[in-house]
Amino acid sequence: MDYFDVSDGKLIPDGREIDTRILVISFQSDWLYPSYQSKEMVQQMRMRHADVTYCEITSTYGHDAFLLEVDAEYALIKHFMERVFRENEESGS
Amino acid sequence: MIKDNVQLDYKIIAGIIEQGSRVLDLGCGNGELIAYLSSVRNAKVQGIELNEDAIYKCVEKGLSVFHSDIDSGLAGYPDDNFDYVILNQSLQETKKVDYVIKEALRVGKKAIIGFPNFAHYRARFMLFFRGQAPVTTSLPYHWHDTPNLRFLSIKDFRDYCKQSNLKILDSHYLSDTGIIHLFPNIFARNVIFVVTK
C-alpha cells in the first residue's frame, strides 16, 4: 500500500478545477494510516480549491477502527451522500 | 433551517457579507451561523471546528467542515481563498491570537471578528464592588470552567489593530436589547468588527 501514489497530478490532472465534493475520515488511533497524513491530503486538496470535509473519529481500536466504529462512519457518509444527491438532483445531473 | 428566532449577531454578520460570498467560519460549532449565511445570502461556506460531535452536526446539515483546532486549521489554504473569515465568539478561546488573525487575513480578504466586551459595565461593577471575576450574560462562565483564554475590551482590540496595522472597516455594538452607538466600551455586551490588512 505504501507504493500507492496519487500525487503530482495522477489523481487530479494539473490545471483542472475539482468540482467533486470530498469526504476524508481518519481514526485517532490508526498508526498505519495516521490522521496527520489524512490532514496532509486535505491540505493538498485545499490548495486546488477542492470542497473537502474532514473528520477524525475518536477510537482506541487502531487500524481496525474502520471495521468497528460503524455508527460514526455511517452517520458521516450517509449525511455527506445525502447532500451530494440533493445537489445533483437540484442541478439536474 | 433557522428563520425567525435568529441571534442578532448572525443577522448582523449576514448584513455584512455580500450575496454569494465565500466564507470560512473558524470555530463554527454546530454550524448554525454558516447554515444561516448559506440560506439567506447564498454564501459558499466552510467551517473549522475542534469538537467531534459538532462536526457530526455540521455534516448532518450538509456543511463542509474541517475537524481541527483554530490555531493550526488554516494551513494549506491558498491566499485570498475566501471573501470573509469569521471568528465569532472564538477569538477569546484562541491560543495564538496574532498568528490566527494574520492567517485569517492571508486566506481571507476581510475578517469578521466578534467577541464579548470585558469592559461592559456589569463586568466592571462585579469586579469593582463585589471583588469577583465577572460572570455576565456574555461572559457566563466561572473562572474555573471558562474556555476563554483572553479577556479583552473594545478599546483593547482597537489598540491591537492600530499596533498591527489592521484597518477597521466597520463595527457593530450589541447590548442586551439591541444595537447601541453611545459609549460602546461601557454599554456593549458584544462587538463585531470587520477588519482588513
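For clarity, every value in this text was computed on a predicted model and none was experimentally measured. Convention: sequence-line order gives letters A, B, ...; per-chain numbering from 1.
If you take CD on B/Gln46 and OG1 on A/Thr53, they are separated by 7.5 Å, rounding to the nearest 0.5 Å. To the nearest 0.5 Å, atoms CD (A/Gln28) and CD (B/Glu52) are separated by 7.5 Å. Separating the OH atom in B/Tyr77 from the CE atom in A/Met47 is a distance of 12.0 Å, to the nearest 0.5 Å. Atom NZ of B/Lys61 and atom CZ of A/Arg83 lie 13.0 Å apart (nearest 0.5 Å).
Note: B/Pro78 leads B/Gly47, B/Pro78, B/Cys58 in heavy-atom pairs under 4.5 Å with chain A. Between chain B and the residues A/Leu23, A/Thr58, A/Ile22, the largest count of heavy-atom pairs under 4.5 Å involves A/Thr58. The residue among A/Ser35, A/Ala72, A/Cys55 with the most heavy atom pairs within less than 4.5 Å of chain B is A/Cys55.
Hydrophobic clustering, with ILVMFWY side chains joined whenever heavy atoms are under 4.5 angstrom apart, groups A/Phe66 together with B/Ile55. No path of Ile, Leu, Val, Met, Phe, Trp and Tyr side chains, each step under 4.5 Å between heavy atoms, connects A/Leu67 with A/Val70, placing them in separate hydrophobic clusters. Under a hydrophobic clustering in which Ile, Leu, Val, Met, Phe, Trp and Tyr are joined whenever their side-chain heavy atoms come within less than 4.5 Å, directly or via other members, B/Phe157 and B/Phe183 fall into the same cluster. One hydrophobic cluster, built from ILVMFWY side chains closer than 4.5 Å, cannot hold both B/Leu127 and B/Phe129; they sit in different ones. In the hydrophobic clustering of ILVMFWY residues, with side-chain heavy atoms under 4.5 Å counting as a link, B/Leu87 and B/Leu139 come out apart.
For A/Arg48, no part lies near chain B; criterion is any non-hydrogen pair under 4.5 Å. Interface residue A/Arg46: backbone and side-chain heavy atoms are both found under 4.5 Å from chain B. Interface remark: B/Leu50 contributes no atoms to any contact with chain A (heavy atom separation under 4.5 Å). Using a 4.5 Å cut-off between heavy atoms, A/Val52 contacts chain B through its backbone alone, with no side-chain atom that close. A/Ile57 touches chain B through backbone and side chain together, each having a heavy atom under 4.5 Å away.
Side-chain contact between A/Tyr54 and B/Ser68 is absent, with no heavy atoms from C-beta onward closer than 4.5 Å. The closest side-chain heavy-atom distance from B/His67 to A/Ser26 is not below 4.5 Å.
Applying the 6.0 Å contact sphere to CZ of B/Phe151 captures more than 12 heavy atoms from other residues, nucleotides or ligands. By the neighbour-count criterion of 12 heavy atoms within 6.0 Å, atom NZ of B/Lys96 is densely surrounded, having more than that number from other residues, nucleotides or ligands.
Listed here is the closest heavy atom pair of B/Tyr56 and A/Leu76: CD2-CD2, 3.5 Å. Taking all atoms of both residues into account, the shortest heavy-atom contact from B/Asn81 to A/His49 is OD1-ND1, 2.7 Å.
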